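This report refers to the structure that appears directly beneath it.
Below, read A as the first sequence line, B as the second, and so on, with proteins coming before strands; counting in each chain starts at 1. Here the structure is a predicted model, which is why all the values come from computation and not from measurement.
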Amino acid sequence: MMLTAEFFARPTLEVAPDLLGATLFVETDEGTCSGRIVEVEAYLGEDDAASHAARGPTPRSAVMFGPPGQTYVYFIYGMHHCLNFVTEMEGTPGAVLIRALEPVSGLELMAQRRGTEREVDLCNGPGKLCQALGLDLGWNDLSLGGQGNTQILLKASKELVKYERSPRLGIKVAADLPYRFFDVGSSFLSG
DNA sequence: TGGATGATCGCA
DNA sequence: GCGATCATCCAG
């Protein structure tokens with residue numbers, strides 16, 4: 001069962017834990033890679049100072065105010081990309097940051113892109129997984145599925161994932177909010 | 001523990 | 001325009 005925009009058209013804090021266990025597929029000219037989502041973070045609107053949407057829409061954050069299910073990919077620290085999926089109804093900002101994956105397929109390609117053979121180091125961080133999957137700004141504001149030889153897909157989980165919450169990592173404001181969700185038993189987490 | 005490295009955004 | 005900031009990663 002593939003996840004569609006409908007899955008994301010609800011409160012961000014409900015979508016975030018439900019994404020745990022889902023499988024993310026990224027198809028490119030080089031091949032297809034996939035991984036099981038084991039760690040995410042929720043970013044809200046004006047009540048969340050750490051969110052790019054906290055001060056209203058900007059050229060970058062406008063995607064977060066758009067229709068649910070769209071990708072939100074941004075460039076940070078001069079060298080890394082981060083992948084989110086937009087949540088909430090159109091007009092209401094929200095997104096879920098994908099922080100870590102358990103590699104499932106395309107490990108050879110991911111290892112080549114990452115420059116390491118260590119399976120545990122391929123996707124255990126938001127920047128790492130974008131590098132492993134070949135994601136950059138060209139993947140921003142895309143719909144799930146779509147057409148052509150490059151596409152991004154999400155397959156729902158059949159299992160019930162046991163997860164925990166914690167404060168989000170790598171932020172200095174709103175650092176107390178417990179908006180990080182992670183698979184308790186996974187050994188592919190970031191941090 | 002700090003340096004790389006450049007887009008983004010608020011304010012001038 | 002300008003400079004502070006940044007949802008990170010890696011070497012040392």
Side-chain angles (χ1 to χ4, degrees), chain A residues 8 11-17 19-20 22 24 26 33 35 37-66 68-88 92-103 110-142 152 154 163-183 186-191:
Chain A
F8 294 92
T12 310
L13 290 173
E14 293 181 15
V15 174
L19 269 177
L20 296 174
L24 173 66
V26 174
C33 298
I37 298 175
V38 296
E39 178 180 346
V40 299
E41 284 178 358
Y43 286 88
L44 312 183
E46 58 184 1
D47 294 330
D48 180 4
S51 172
H52 290 169
R55 300 180 205 204
T58 65
R60 179 179 66 172
S61 70
V63 182
M64 289 182 68
F65 293 76
Q70 296 291 106
T71 58
Y72 172 42
V73 178
Y74 62 86
F75 185 62
I76 194 166
Y77 296 119
M79 48 177 70
H80 299 296
H81 298 273
C82 291
L83 169 67
N84 300 250
F85 289 100
V86 174
T87 56
E88 309 275 355
T92 302
V96 175
L97 170 69
I98 310 300
R99 282 199 63 91
L101 304 175
E102 173 183 342
M110 290 196 279
Q112 179 185 329
R113 287 166 169 159
R114 287 276 302 127
T116 178
E117 295 289 333
R118 281 203 82 207
E119 191 172 334
V120 74
D121 284 330
L122 293 179
C123 298
N124 63 335
K128 292 180 183 180
L129 70 89
C130 281
Q131 185 182 24
L133 297 172
L135 301 179
D136 57 23
L137 286 179
W139 291 79
N140 184 45
D141 201 15
L142 297 183
I152 188 163
L154 279 169
Y163 68 88
E164 287 181 1
R165 303 175 60 154
S166 82
R168 294 169 295 185
L169 307 179
I171 58 173
K172 290 181 176 170
V173 296
D176 55 323
L177 298 175
Y179 291 170
R180 172 176 175 252
F181 301 81
F182 58 97
D183 181 337
S186 177
S187 55
F188 296 89
L189 302 176
S190 70

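- Backbone-only engagement by A/Gly127 is indicated by non-hydrogen atom pairs under 4.0 Å involving sugar-phosphate atoms exclusively.
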Report summary line: For DNA chain B, the dot-bracket notation using Watson-Crick and G-U wobble pairs below 3.5 Å, [ ] for pseudoknot-type crossings and | for other-strand pairs, is ||||.||||||.
Without placing hydrogens or testing angles, list every side-chain donor-acceptor pair under 3.5 Å for residues 164-176 of chain A, not counting sequence neighbours.
residue	atom	partner	partner atom	Å
A/Arg165	NE	A/Pro178	O	3.0
A/Arg165	NH2	A/Pro178	O	2.9
A/Ser166	OG	A/Arg180	NH1	3.0
A/Arg168	NH1	A/Ala42	O	3.0
A/Arg168	NH1	A/Asp48	OD1	3.3
A/Arg168	NH1	A/Asp48	OD2	2.7
A/Arg168	NH2	A/Asp48	OD1	2.9
A/Arg168	NH2	A/Ala174	O	3.4

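- The shortest distance between the side-chain N/O atoms of A/Lys128 and the OP1/OP2 oxygens of C/dC10 is below 4.0 Å.
- Side-chain contact between A/Phe8 and A/Leu19: present, with at least one pair of heavy atoms (C-beta onward) separated by less than 4.5 Å.
- Between the side chain of A/Tyr74 and the base of C/dA7 there is at least one donor-acceptor pair of N/O atoms closer than 3.5 Å.
- Counting only heavy atoms from C-beta on, A/Ile76 has its side chain closest to C/dT8 among C/dT8, B/dC9, C/dC10.
- Atom-to-atom, CZ of A/Phe181 to P of C/dA7 comes out at 18 Å; the value is rounded to the nearest Å.
- Between A/His52 and A/Asp121, the one whose closest nucleotide on DNA chain C sits nearer the 5' end is A/His52.
- Contacts of A/Arg60 with the nucleic acid, taken as non-hydrogen atoms under 4.0 Å apart, involve only primed sugar atoms and P, OP1 or OP2.
- In this structure, CD of A/Glu41 is placed 12 Å from C1' of C/dT8, rounded to the nearest angstrom.
- If you check the side chains of A/Gln131 and A/Arg114, you find a donor sitting under 3.5 Å from an acceptor.
- Distances were taken from every side-chain heavy atom of A/Arg99 (C-beta onward) to each of C/dT8, B/dT8, C/dC9; the shortest belongs to C/dT8.
- Rounded to an integer number of Å, the gap from CG of A/Leu83 to P of C/dT8 is 13 Å.
- Using a 4.5 Å heavy-atom cutoff, the side chains of A/Leu135 and A/His81 are not in contact.
- Between A/Asn84 atom CG and C/dT8 atom P the separation is 11 Å, expressed in whole Å.
- A side-chain donor-acceptor contact under 3.5 Å links A/Glu39 and A/Ser190.
- Counting only heavy atoms from C-beta on, A/Tyr72 has its side chain closest to C/dA7 among C/dA7, B/dG10, C/dC9.
- For A/His80, the side-chain atoms get nearest to C/dT8 when compared with the rest of C/dA7, B/dC9, C/dT8.
- In this structure, A/Arg55 atom CZ and C/dA4 atom C1' are separated by 12 Å, rounded to whole Å.
- You'll find the side chain of A/Glu41 stays beyond 4.5 Å of the side chain of A/Pro126, heavy atoms only.
- What separates CG of A/Leu137 from P of B/dG6 is a distance of 13 Å, to the nearest Å.
- Put simply, the residue from A/Leu97, A/Val40, A/Thr71 that forms a side chain to side chain contact (heavy atoms under 4.5 Å, CB included) with A/Phe85 is A/Thr71.
- Rounded to whole Å, the distance from CE on A/Met64 to P on B/dC9 is 12 Å.
- To the nearest 0.5 Å, the span separating OH on A/Tyr74 from CG on A/Leu137 amounts to 11.5 Å.
- Nearest to the side-chain atoms of A/Arg114 among the listed nucleotides C/dA7, C/dC10, B/dC9 stands C/dC10.
- Under the stacking definition used here (centres under 5.5 Å, planes under 30°), the residue A/Phe75 fails to qualify as stacked on the base of B/dG6.
- With C/dC9, B/dG10, B/dT5 as the candidates, the nucleotide lying closest to the side chain of A/Met79 is B/dT5.
- The separation between A/Leu189 atom CG and C/dT8 atom C1' is 17 Å, rounded to whole Å.
- At a threshold of 4.0 angstrom between heavy atoms, the contacts of A/Ile171 are confined to the sugar-phosphate backbone, with no base atom among them.
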